[in-house]
Amino acid sequence: MRCVLLGLCVVVLGMTAMAQEPAWEDISGGETLKGWTPLGGEWTWEDGSIVGRLTKTPEQMDQQINAWLMYEREYADFELEYEYRTPKPTNGGMQFRTHWLPKTPLAEGVTPDKAVKDAYGYQANVEQRTRLGSGKLIDENGRGTLAESNMDAAKTLSQKGWNTMKIIAHGPSIEILLNGVRANKIEDEKYLKGYFLLQVRADEKAEKVTEVQYRNIRIRDYGREGEWRVLFDGKSLDGWKKWGSEKWDVEDGVIYGRSGPKKSEGYLATEEQWKDFRVRGTFKMLGDGNFGLFYHSSIKLREDGYPLIAGVQGEVEPAYPTKSAWLYESYQRGWLIEPDTNTPGGMALRSNEWNEIEISSQIEEGGQYIRTWLNGVQVMDFHDKDPRLSEGSFALQLHTGGVDGIAWKDLYVVK
């Protein structure tokens, strides 16, 4: 009887695990390429496949050009499967956790709105002209090749027929499989989330017409994995304390910070304190002003009621390019690193929209390791060898001088 019951328990547990597994969703688009937006080149639906073509003009024959097709949704942790082939061996790829941003560094005198845009993120490479090229993991417009494909995977490649590629991304773990064989696996967190883009690339040696076909694109969406704890319950300011005379209210599941009659400095701080953590929050600036997400902070009031904070601020500002997600230590060292806005992180802010800031801090032997991201794009990776602060509250800031206001939601923390 014990064995039977144990067997039933195993079955029940297995069924529970299966029930929690997200379902596969087909995102191939169909005849209208629903959900996909062309960014150069010619993209069509032919015989159940997305077909991308690049046709070089005579002036482009000695140049490298790209065509992209971008999917409408962002994904963080996922499994993605698709098939591809190239009628004539050529180059392409699947971008993931990717952002379409002004190409940096900007040339002198060029503004972001006039700059050429390009893809910043990871790519599972398609390179049918050489066996070891397909399945290679690339940081597009960044560090270049992160991991080569191995020979076991390369041996499975059909250079003119259909191949299956699978990308598995869970937090920092990224794995690529070619025809069911692991091509590579790495740990990396340059990009936490982003979009999918299909690529057709014609380099200097490519023929006049370059073509890559993709089909049966499906995804299993895991959202953002991890044991994240809610900091804001969406209904009240329980667990938070107001400092100063500025206004903090909850409306329709959102925290709103607005200037009070003094137009002074104001904070909304957690009652709980943290040492090592990873914190993230989604914000929308309602106009001009200066804002921030503080960590390792403590606050006291002057005799006139003005709040004085000791802490490190993850900057939040409406300027574009932005210093958002750069770190500033109030009343002590100032900027931990002087902000460089002529970078992908500086271009990652979505003006007048919801944005996400994330900060990770770990105190270890030899100092404090701090990383920040804006909308999933890494902004800072900093080793503080002499940290001044090691524990404290999280705090939302309204800067002195009057601000139009800011909205916050989806505030989470994980140790």
Side-chain angles (χ1 to χ4, degrees), residues 26-75 80-104 112-130 133-142 144 159-163 165 167 194-219 344 347:
D26 189 285
I27 60 170
S28 299
E31 293 184 4
T32 62
L33 297 183
K34 182 180 179 181
W36 295 88
T37 300
L39 301 171
E42 177 189 355
W43 295 90
T44 58
W45 180 263
E46 301 174 18
D47 298 324
S49 303
I50 295 175
V51 180
R53 291 189 184 92
L54 268 175
T55 303
K56 284 189 170 186
T57 65
E59 295 76 22
Q60 294 173 323
M61 290 307 296
D62 295 328
Q63 300 176 18
Q64 174 186 304
I65 57 176
N66 290 298
W68 304 97
L69 184 71
M70 184 169 74
Y71 193 60
E72 62 186 357
R73 278 189 55 196
E74 284 188 291
Y75 294 88
L80 181 76
E81 288 185 348
Y82 56 96
E83 297 173 78
Y84 72 90
R85 73 174 176 183
T86 61
K88 294 182 180 180
T90 189
N91 184 270
M94 172 71 80
Q95 289 284 142
F96 60 98
R97 291 183 177 173
T98 291
H99 299 259
W100 189 247
L101 301 172
K103 196 162 185 177
T104 58
D113 60 314
K114 301 295 184 182
V116 173
K117 290 188 175 184
D118 213 334
Y120 286 85
Y122 301 115
Q123 181 182 136
N125 193 52
V126 168
E127 177 51 89
Q128 300 296 86
R129 294 168 296 188
T130 173
S134 282
K136 182 165 65 172
L137 179 61
I138 297 171
D139 178 359
E140 186 77 10
N141 284 310
Q159 289 181 290
K160 293 185 179 181
W162 288 101
N163 294 276
M165 192 88 78
I167 304 168
Y195 296 91
F196 294 124
L197 286 83
L198 301 177
Q199 182 202 43
V200 179
R201 177 188 175 195
D203 60 21
E204 299 87 342
K205 298 179 180 179
E207 298 181 11
K208 181 179 179 180
V209 179
T210 302
E211 178 180 321
V212 183
Q213 302 172 6
Y214 300 91
R215 73 179 185 187
N216 296 330
I217 307 170
R218 63 176 191 157
I219 187 167
M347 306 294 170

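These numbers come from a predicted model, not from an experiment.
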Check: Can you list the residues that meet the side-chain hydrogen bond (donor to acceptor under 3.5 Å, both in side chains) rule with Arg53, with sequence neighbours excluded?
Finding: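 side-chain hydrogen bond (donor to acceptor under 3.5 Å, both in side chains) list for Arg53, sorted by chain: Glu46, Glu211.
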Any sub-3.5 Å donor-acceptor pair from [X]'s side-chain atoms to [Y]'s backbone N or O?
X: Glu140; Y: Tyr122; value: no
X: Asn141; Y: Ala119; value: yes
X: Asp118; Y: Trp100; value: no
X: Ser134; Y: Glu127; value: yes
X: Tyr214; Y: Gly93; value: yes

Taking the side chain as every heavy atom from C-beta outward, state whether [X] and [Y] have any pair of such atoms under 4.5 Å apart.
X: Leu80; Y: Arg218; answer: no
X: Leu39; Y: Leu197; answer: yes
X: His99; Y: Glu74; answer: yes
X: Met94; Y: Met165; answer: no
X: Trp45; Y: Thr32; answer: no
X: Pro112; Y: Met347; answer: yes

Margin query: Please identify which of these residues, Val200, Ile50, Thr37, meets the side chain to side chain contact (heavy atoms under 4.5 Å, CB included) condition with Leu69.
Written below: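 One option only clears the test, and that one is Ile50.
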Next item on the list: Specify whether Tyr71 and Tyr75 have parallel, tilted or perpendicular ring planes, treating 30° as the upper limit for parallel and 60° as the lower limit for perpendicular.
Entry: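 Rings of Tyr71 and Tyr75: parallel, under 30°.
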